[in-house]
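Residue numbers start from 1 in every chain, and the chains themselves are labelled A, B, ... in the order their sequence lines are given, proteins ahead of strands. It should be emphasised that the depicted structure is a prediction, and the values quoted were computed from it without experimental measurement.
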Amino acid sequence: MVLSVCFISTRLGLSLLGWREKIELFILPQKTEENLLAQLDRWGVKKDSFQEALPPFPAIVETIQAYFEGMRVTLSYPLALERFPLFTRRTFDAVARIPYGTTLTYKDIAKKIALPHASRAVGRALGRNPLPLFIPCHRVVGKYNLGGFSGYGLRYKILLLSLELSGSCPHSHCSL
DNA sequence: TGTACGGCACCGT
DNA sequence: ACGGTGCCGTACA
């Protein structure tokens with residue numbers, strides 16, 4: 001079964017939602033279609049392995065758009081995470097509970113899943129998160145610094161955090 | 001005292 | 001072996 005996708009135009013650019021039964025992939029907004037395709041490639045999605053379709057849930061597109069307008073929205077939708085190992089799922093689960101506009105450290109997450117010394121493994125797991133926003137890994141920071149966001153670049157993490165904190169994105173025209 | 005940096009332990013994939 | 005880390009010791013000011 002091919003991946004169904006829909007493109008979503010947001011204030012920060014073009015993003016993409018991918019699903020089969022449940023939501024599998026979300027690409028953060030990109031300024032150009034070319035960049036979006038590059039991100040798709042990063043997740044191993046080839047050109048002919050997806051088909052465009054109508055959004056899988058009512059209002060999901062509007063909710064995502066509202067997020068990038070600075071609205072305090074909640075994204076609770078069924079996510080396809082079965083393919084991940086248990087530790088990774090537990091990590092995702094703990095991260096999904098972090099409220100909008102707040103942050104926890106990698107260590108905090110490790111403690112929450114009862115493996116207080118696994119903070120580094122938490123970071124590694126989050127590096128594989130295919131569902132930013134739905135699993136808000138940008139809300140997980142290092143104890144002494146912001147930590148990483150290698151897939152989209154640290155600037156993007158800063159952008160999302162400032163969007164949630166101030167309700168606006170100060171440098172949205174130049175931050176990506 | 002404060003802080004900046006290096007080294008190493010930790011832990012799942 | 002490799003990280004989106006944390007912590008402690010040491011070296012300066």
What contact category does [X] fall into here, base, sugar-phosphate, or nothing, at under 4.0 angstrom with non-hydrogen atoms?
X      : result
A:L146 : nothing
A:V122 : nothing
A:Y106 : base
A:G142 : sugar-phosphate

Could you give the start and end, 5' to 3', of the contact zone on DNA chain C for chain A, using atoms under 4.0 Å from its heavy atoms?
-> C:dC2 to C:dC7
Rounded off to whole Å, could you give me the CZ-to-C1' distance for the A:F92 and B:dG12 pair?
->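 The answer, rounded to whole Å, is 12 Å.
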Value in whole Å for how far the P atom of B:dA9 lies from NZ of A:K107 |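 Answer to the nearest Å: 16 Å.
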Does A:T88 place a side-chain N or O at less than 4.0 Å from the phosphate oxygens OP1/OP2 of B:dT13?
->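 Affirmative; the distance criterion is met.
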What is the pairing partner of C:dG6, taking Watson-Crick or G-U wobble pairs with both distances under 3.5 Å in any strand?
->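 Base-paired to B:dC8.
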Could you tell me whether the side chain of [X] and the main chain of [Y] form a donor-acceptor pair under 3.5 Å?
X      : Y      : answer
A:K157 : A:G148 : yes
A:S166 : A:S162 : yes
A:R20  : A:S4   : no
A:Y77  : A:F57  : no
A:E164 : A:G101 : yes

Which sits closer to the 5' end of DNA chain C, A:R124 or A:K143, going by the nucleotide each is nearest to?
-> A:R124
Salt-bridge contact A:D108-A:K112 (side-chain N to carboxylate O under 4.0 Å) = no
Between A:R89 and A:R120, who's closer to the 5' end of DNA chain B by nearest nucleotide?
-> A:R120
